[in-house]
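Here the structure comes first, spelled out in structure tokens, and everything after it is commentary.
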Amino acid sequence: DNRVKFQDSKEFSGPLYQIIKQAEDYVLQNTRTEYVIKDIVREEVYEIPLPALREIIVNAVLHRNYLYPAFIQIAIHPSKIEFFSPGGLYGSMTKERMLRGNCSALRNPLLADVLQKMGMVERWGSGIGRIFEAFAENGLPAPEYVIDDLGVTVSVPRVKSVPQEQTLLVSNHKDGL
């Protein structure tokens, strides 16, 4: 799980909402989707719950330091998926306060306003809590946050989300399986 060898690399451009959607689609195309039969209905179960995936990507876009000459990066490893957003925490925000939730320090208030009007954020600082809640509801281990002066990395462990006997089909969209 290092960044010496790359299997794929992709850059996204366009309007902000399109970049966020492209990043989400990229992760979904390069991770497993399990199809599970519950009662008589087939449900798709993603490696990363969709609400959490969207929140992680939107947080990376919203809270990054745009003055720092680096890119938001998504690295998909065999054992984990890492989301890197350039720039450490803003202002007096600490990792402990961020992980407790219900507080927000806006480095980019105009961008937050735009994303709120697009329905992507609510500006109450509840996003981290929703990420942890989505993982817990799906029986998945919580993501790990690593924070330093260079940026914030969210590391999501890759594990099977449902017992094998309940799995109808495991699909990796990129391989066309």
Under 4.5 Å between side-chain heavy atoms, hopping through other hydrophobics if needed: is there a path connecting I128 to Y90? no
Pairing of R42 and E34 as salt bridge, 4.0 angstrom limit: no
Within the distance-only criterion (no hydrogens, no angle test), does the side chain of R158 pair as donor or acceptor with the backbone N or O of H77 below 3.5 angstrom? yes
Taking all atoms of both residues into account, what is the closest heavy-atom pair of P141 and V159, and its distance? CD-CG2, 3.7 Å
Should the pair R64 and Y68 be classed as cation-pi, given the thresholds of under 6.0 Å to the six-membered ring centre and 45° from the axis? no
Evaluation steps, side chain to side chain contact (heavy atoms under 4.5 Å, CB included), between V45 and T33: CA-CA 6 Å; V45 179; T33 301; over 6 Å; no
Hydrophobic clusters here meaning ILVMFWY residues chained together by side-chain heavy-atom distances under 4.5 Å, can you tell me if F71 and I147 are in one? no
E24 side chain to Y26 side chain, donor-acceptor N/O pair below 3.5 angstrom: no
Tell me the closest heavy-atom pair linking A105 and H63, and the distance in Å. O-ND1, 3.9 Å
Nearest heavy-atom pair of V58 and L115: which atoms, and what distance? CG1-CD1, 4.2 Å
Spell out, as yes or no, whether a donor-acceptor pair under 3.5 Å connects the side chain of E47 to the backbone of R32. yes
Donor-acceptor check, side chain of D148 to backbone of G151, threshold 3.5 angstrom: yes or no? yes
Test of understanding: clusters of I, L, V, M, F, W, Y form through side-chain heavy atoms closer than 4.5 Å, transitively. Do V146 and I76 belong to the same one? no
Test your reading of the model: is there a side-chain donor-acceptor pair from D39 to the backbone of V41, 3.5 Å cut-off? no
Can you give me the closest heavy-atom contact between P143 and V156, atom names plus distance? CB-CG2, 4.0 Å
Roughly how far, to the nearest 0.5 Å, is the CG atom of L28 from the CG atom of L50? 5.5 Å
Non-hydrogen side-chain atoms of F83 and I57 separated by less than 4.5 Å: yes
Spatial distance of atom CD (E55) from atom CD1 (I48) [nearest 0.5 Å]: 13.0 Å
Can you name the nearest heavy-atom pair linking V61 to L16, along with the distance? CG1-CD1, 3.5 Å
Is there side-chain contact between Y145 and I131, with at least one heavy-atom pair below 4.5 Å? yes
Distance from R130 atom CZ to E137 atom CD, nearest 0.5 Å? 12.0 Å
K80 side chain reached by S155 side chain, heavy atoms, under 4.5 Å: yes
I81 vs T31, test: side chain to side chain contact (heavy atoms under 4.5 Å, CB included). Steps then yes/no. CA-CA 9 Å; I81 303 169; T31 56; 3.5 Å; yes
Could you please spell out the steps behind the side chain to side chain contact (heavy atoms under 4.5 Å, CB included) verdict for N108 and Y66? CA-CA 9 Å; N108 305 302; Y66 284 92; 3.8 Å; yes
Test your reading of the model: is there a side-chain donor-acceptor pair from N65 to the backbone of L67, 3.5 Å cut-off? yes
CD1 of I19 to CZ of F12, rounded to nearest 0.5 Å, is 9.5 Å
Any side-chain heavy atom of T94 sitting closer than 4.5 Å to one from M98? no
Spacing of CD1 belonging to I74 relative to NZ belonging to K10, to within rounding of 0.5 Å: 12.0 Å
Which distance, rounded to the nearest 0.5 Å, do you find between the CG of L140 and the OH of Y46? 14.5 Å
I need the minimum non-hydrogen distance between A52 and F135, along with the two atoms involved. CB-CE1, 3.5 Å
Quick check: do Q73 and S85 have side-chain heavy atoms less than 4.5 Å from each other? no
Pairwise side-chain contact, E144 with V154, heavy-atom cut-off 4.5 Å (strictly under): no
Can you check side chain to side chain contact (heavy atoms under 4.5 Å, CB included) on S13 and Q22, steps first, answer last? CA-CA 9 Å; S13 62; Q22 289 171 352; 5.9 Å; no
